[in-house]
Asks: 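Provided herewith is a single structure, encoded as structure tokens, for subsequent inquiry.
All ligand and atom numbering here is 1-based and tracks the order in the structure. FYI, side chains are in, hydrogens and waters are out, and symmetry mates aren't considered; it's all heavy atoms of this structure. Here the structure is a predicted model, which means the values were calculated and not measured.
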Amino acid sequence: MNDASRYEVAVALPVRGTFTYSGPPSAPCAPEIGMRVVVPFGRRPATGYILGPATDTREDILPIQAVVDTTPIFPPSLVPFFRWLSVYYLYPIGEVIQAGLPGCIDAGIAWYYHITEAGLQALAEGGLKENHRTALQALASGKTERSKRTAGMKGRAGSKGVSAAVLNGLIRKGYALREYRLEKDRVRHLTETVVRLSSDHAPGTDGASSPELHKIMETVARYGEMPLRMLKKEAAGATPARIRKLVDQRWLELDKRIVYRDPFGEMIDPEPLPNLTEEQRIATRMLSAAIGNGYEGFLLNGVTGSGKTEVYLHACRMAVAKNMDVLVLVPEIALISQIERAFRARFGNRIAVIHSGLSEGKRFDEWHRILHKEVHIVIGTRSAIFAPLERIGLIIVDEEHDTSFKQESGLRYHARDMAMVRAKLCNAVVLLGSATPSIQSFYNLSIGKLRQIRMQNRVEDRPLPAIEVVDLSVRRDTRGTERFITPELHQAMVETLDRGEQVLLFLNRRGFAALPVCAHCGLVLRCRNCDISLTYHQQEDTYRCHYCGYAIDGSSPCPACGSPKIKRLGIGTEKVEATVKGLFPAARLARMDRDAIRGKHTLLNLLKDLRNRKIDILIGTQMVTKGHDFPYITLVGILLADQSLHFPDFRAAERTFQIISQVAGRAGRGEQPGRVIVQTYTPRHFSVVSAIAGDYEGFYWKEISYRKRLSYPPFSSMAQMLVHSKDPRRAKDHAEALGQILHHNRTSAEMRQILVMGPIQAFVAKLINQHRWQLLLKSKNRRALHDFLERTMFENPGMFHPKQIGVAIDIDPVFMM
Ligand code: ADP
Ligand code: ZN
Ligand code: ZN
């Protein structure tokens with residue numbers, strides 16, 4: 001840094017811009033970019049992040065109070081990315097950084113108060129003010145030596161009964177000291193003990209004194225090195241005492257190894273490279289020419305089963321060979337195991353994995369392994385976009401159309417969009433892959449923002465599944481199970497099971513019955529906290545809210561008229577399971593939805609059982625659509641294809657097309673050809689028709705002309721403002737006041753350019769006891785919309801951080817409910 005005495009600091013508070021501080025009066029090491037510091041901010045200390053040297057030359061600069069880290073926790077190359085996010089999403093930069101760091105690193109800074117000698121003396125002498133005396137007594141007894149996190153500065157500095165003001169008073173008097181410490185890091189590498197032949201064990205001397213010892217030596221010799229745990233299994237006599245003895249005699253040695261287990265708990269053998277298909281070869285050639293030559297964006301548009309993963313692996317290998325880091329983003333934890341497995345088979349342990357399913361300690365580990373350049377490949381879900389890789393050469397976004405790349409709280413970023421930004425900032429190649437590209441990405445091809453790589457054939461010329469349609473609208477009167485397991489589907493299931501193959505049934509609704517209605521008065525049972533009907537769950541015999549988890553007993557009477565007779569209309573995966581069990585009593589069933597799958601383990605076991613053909617029929621929600629490779633599924637039944645079509649959202653058709661195509665794509669991925677049966681009430685809707693025909697472009701051209709006509713994205717930019725409060729009146733009033741400002745703060749040019757819609761009550765008008773209102777802004781000019789919002793926020797800060805009311809700004813909203 002040129003001026004070592006002044007630093008630009010991002011403060012982890014909801015404030016605009018960055019701040020300048022001078023160097024700390026005393027610190028074990030000078031602050032560097034990416035280190036955390038404690039800085040005075042207003043009347044309290046705050047967590048800050050060093051972004052670089054400051055150019056500010058003002059006189060009255062306060063010093064940094066403490067430097068928390070001894071080494072940076074993010075690399076300098078992330079700073080421009082953080083700045084970019086802050087500007088684009090109108091989000092305070094310190095909070096952007098906080099959102100990007102793993103929670104355990106952000107654990108925050110703790111500060112501790114201690115009583116000083118002078119304080120002890122003052123206490124002994126007496127005559128202190130009452131509140132000072134109690135505070136000092138608490139400090140003296142050690143009770144107040146407690147920590148408080150600075151993260152967000154929501155907590156108060158003091159402890160029970162001792163206010164920050166009193167403690168600050170004591171510090172000024174010299175009676176107390178404040179000390180900053182890092183909240184204890186929960187670092188823990190997962191290690192296991194391995195055993196191997198001792199290096200000074202001379203061959204030929206293995207006249208082990210007993211058959212047991214001999215057996216142990218023999219086993220270890222066979223493996224060279226093996227986990228102790230495994231030795232105990234393989235050699236029956238391998239007791240701790242015997243192993244100890246062999247170690248003492250220097251025949252064996254023990255060591256600690258950091259373990260990275262295959263998600264399936266199996267050893268992963270290096271896999272030979274398959275011969276690429278012609279399309280894969282062309283794809284890798286295009287990528288190879290681009291990697292290492294600056295920014296370029298690609299859209300790998302390859303049908304399901306065309307072997308996109310293999311292209312990712314090759315691209316990754318090329319980047320690694322050029323000494324560059326690679327970031328791989330996947331939509332769901334569920335998919336990580338599959339991609340991770342493929343990457344580990346090729347790249348061994350040179351991989352870090354980041355997702356929300358990891359324990360805090362594990363996430364901390366992974367962050368540090370990346371930071372310390374132990375790994376150069378990172379695989380993760382959306383938050384991995386912040387991975388502290390220093391020299392990114394390639395960013396891969398698998399299933400780029402997936403909506404789970406969008407963060408829906410706090411910093412509401414879109415990881416796919418940010419992948420393009422981060423790639424651009426580090427001159428890297430970005431590779432978006434999908435069989436059903438988002439409208440936005442496909443549109444980006446036409447305006448030259450992305451280049452297309454097409455793969456139109458499945459590997460080994462496997463055919464795409466044949467899709468048949470069953471029109472449900474002509475059998476509206478059908479009652480009972482035939483209503484959702486139609487005779488056509490039933491017949492196909494019988495045939496498939498007879499051949500010993502697997503069936504997948506898809507319904508995007510979990511639970512048993514989605515619409516509990518009072519038989520007497522017609523009331524629909526709703527959640528007490530949300531404006532949403534409850535879903536009956538048979539297994540636990542409760543009515544449950546899918547938004548907040550609120551549940552009432554399955555035997556509850558109607559809250560309005562007290563009638564005990566509640567009809568359970570609508571279907572969910574549980575009801576499908578019960579029905580299928582009745583139809584196929586001998587079949588082995590499994591359900592894959594958020595009720596059945598809790599945690600990564602149950603999911604992995606299920607995937608394993610599927611692969612080992614221990615499951616005949618899989619019933620699942622959208623969890624099954626996410627790119628899984630199920631080689632033995634030959635029949636896919638989509639029970640209700642138009643479920644997603646009726647949401648009040650301009651992307652409803654896009655989602656419907658994606659879901660049908662993706663679910664259908666799970667069929668016939670192995671040796672046997674696949675068959676798909678789509679049941680729908682709207683067989684003639686263009687999203688259904690083109691999904692069935694496998695006609696992405698046909699779908700795209702219809703959809704894009706509709707977007708253009710109504711000037712929806714990508715022909716405009718949108719921003720949503722969501723106002724919520726416990727108090728319905730407050731929420732409404734504040735939304736209206738915001739609406740007034742937004743409507744009237746526009747210049748005459750902005751009047752023409754920016755449309756302000758609302759406020760209206762949100763589609764989900766009440767969620768977890770919060771009443772919700774929304775405003776929607778739309779403009780064909782992204783810049784104008786951004787500048788208008790920024791100016792409005794700057795001029796009306798109180799309106800955007802009001803008390804007891806939440807105001808969330810969502811740039812490029814994906815869910816408008
Ligand atoms: P996609 O992601 O495009 O749907 P995958 O990458 O999952 O497809 O590949 C589908 C299947 O084809 C996988 O089982 C994969 O191992 C296999 N595969 C991919 N490329 C080849 C190849 N060149 N030769 C043989 N098998 C391949
Ligand atoms: Zn009733
Ligand atoms: Zn609820």
Asks: Under a 4.0 Å heavy-atom limit, does M455 contact ligand 1 with its side chain, its backbone, both, or neither?
Replies: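 Near ligand 1, M455 shows nothing, with every heavy atom at 4.0 Å or more.
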
Asks: Enumerate the atoms of ligand 1 whose separation from the nearest heavy atom of E460 is less than 4.0 angstrom.
Replies: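 Reading through ligand 1 atom by atom, the close ones are 25 (C).
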
Asks: Would you find more than 12 non-hydrogen atoms of other residues, nucleotides or ligands less than 6.0 Å from D461 atom CG?
Replies: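 Open.
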
Asks: Kindly say whether T634 contributes a backbone atom to a donor-acceptor pair with the side chain of R499 at under 3.5 angstrom?
Replies: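 Such a contact is absent between R499 side chain and T634 backbone.
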
Asks: As a check for students: among G665, G307, G302, identify the option with a heavy atom nearest to atom 8 (O) of ligand 1.
Replies: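 Considering heavy atoms of G665, G307, G302, the nearest to atom 8 (O) of ligand 1 sits in G307.
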
Asks: Please, which pairs that meet salt bridge (Lys or Arg N to Asp or Glu O under 4.0 Å) have at least one residue in residues 510-523, sequence neighbours excluded?
Replies: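 Pairs touching residues 510-523 that pass the test: R510-D595.
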
Asks: Would you say K308 has any N or O atom under 3.5 Å from an N or O of ligand 1, going by distance alone?
Replies: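 Yes, since at least one N or O of K308 sits under 3.5 Å from an N or O of ligand 1.
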
Asks: Taking only heavy atoms of L276, which atoms of ligand 1 are found under 4.0 Å from at least one of them?
Replies: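 Reading through ligand 1 atom by atom, the close ones are 23 (N).
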
Asks: Main chain of G307, side chain of Q280: is a donor-acceptor contact present, judged purely on distance under 3.5 Å?
Replies: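 Yes, because the side chain of Q280 sits within donor-acceptor range (under 3.5 Å) of the backbone of G307.
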
Asks: Out of all atoms in ligand 1, which are within 4.0 Å of some heavy atom of V303? Include the element for each.
Replies: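 Going through ligand 1 atom by atom, the ones under 4.0 Å from V303 are 3 (O).
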
Asks: Taking atom CG as the centre, does D553 end up with more than 12 heavy-atom neighbours from other residues, nucleotides or ligands that are less than 6.0 angstrom away?
Replies: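 Yes - once you tally the heavy atoms of other residues, nucleotides and ligands closer than 6.0 Å, there are more than 12.
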
Asks: Run the side-chain donor-acceptor check on residues 516-530: report pairs under 3.5 Å with partners two or more places apart or on a different chain.
Replies:
{"from": "R526", "atom 1": "NH1", "to": "D531", "atom 2": "OD1", "distance (Å)": "3.3"}
{"from": "N529", "atom 1": "OD1", "to": "N769", "atom 2": "ND2", "distance (Å)": "3.1"}

Asks: Could you check whether any side-chain heavy atom of T304 comes within less than 4.5 Å of a side-chain heavy atom of Q662, counting everything from C-beta outward?
Replies: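 In contact.
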
Asks: In degrees, rounded to 10 degrees, what angle do C545 atom SG and C527 atom SG make at the Zn ion (ligand 3)?
Replies: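 SG of C545 and SG of C527 make an angle of 110° at the Zn ion (ligand 3), to the nearest 10°.
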
Asks: Of all the atoms in ligand 1, which lie at a distance below 4.0 Å from a heavy atom belonging to N275?
Replies: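 This gives 22 (C), 23 (N), 24 (N) as the contact atoms.
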
Asks: Verify the distance test for H546 against the Zn ion (ligand 3): any N/O/S atom under 2.8 Å, yes or no.
Replies: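 Under 2.8 Å: H546 has no N, O or S contact with the Zn ion (ligand 3).
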
Asks: Is any side-chain heavy atom of L610 closer than 4.5 Å to one of Y632?
Replies: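 The answer is no, as the side chains (C-beta and beyond) never meet within the 4.5 Å cut-off.
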
Asks: For T309, counting its heavy atoms only, list the atoms of ligand 1 lying under 4.0 Å from any of them.
Replies: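 Answer, ordered by atom number: 2 (O), 5 (P), 6 (O), 7 (O).
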
Asks: For F347, which residues count as a ring pair (Phe, Tyr, Trp, His ring centres under 6.0 Å) partner, sequence neighbours excluded?
Replies: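 With sequence neighbours excluded, F347 shows a ring pair (Phe, Tyr, Trp, His ring centres under 6.0 Å) to F343, given in chain and number order.
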
Asks: Taking the Zn ion (ligand 2) as the center, what protein N, O or S atoms are found at less than 2.8 Å?
Replies: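 The answer, once waters are left aside, is C518 SG, C521 SG, C558 SG, C561 SG.
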
Asks: Do any N or O atoms from the side chain of R346 and from the backbone of A342 form a donor-acceptor pair under 3.5 angstrom?
Replies: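 The answer is no, because no donor-acceptor pair under 3.5 Å joins these two groups.
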
Asks: Is any side-chain heavy atom of L432 less than 4.5 Å from a side-chain heavy atom of M420?
Replies: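 When only atoms from C-beta onward are counted, M420 and L432 do touch, with a gap below 4.5 Å.
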
Asks: Taking only Lys NZ, Arg NE, NH1 and NH2, and the carboxylate oxygens of Asp or Glu, determine whether K406 and D810 approach each other closer than 4.0 Å.
Replies: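 A salt bridge links K406 with D810.
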
Asks: Is there a nitrogen or oxygen of S306 sitting under 3.5 Å from a nitrogen or oxygen of ligand 1?
Replies: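 Yes, there is a polar N/O contact under 3.5 Å.
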
Asks: If you count the atoms of ligand 1 from 1 in the order shown, which ones are under 4.0 Å from a heavy atom of T304?
Replies: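 This gives 4 (O) as the contact atoms.
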
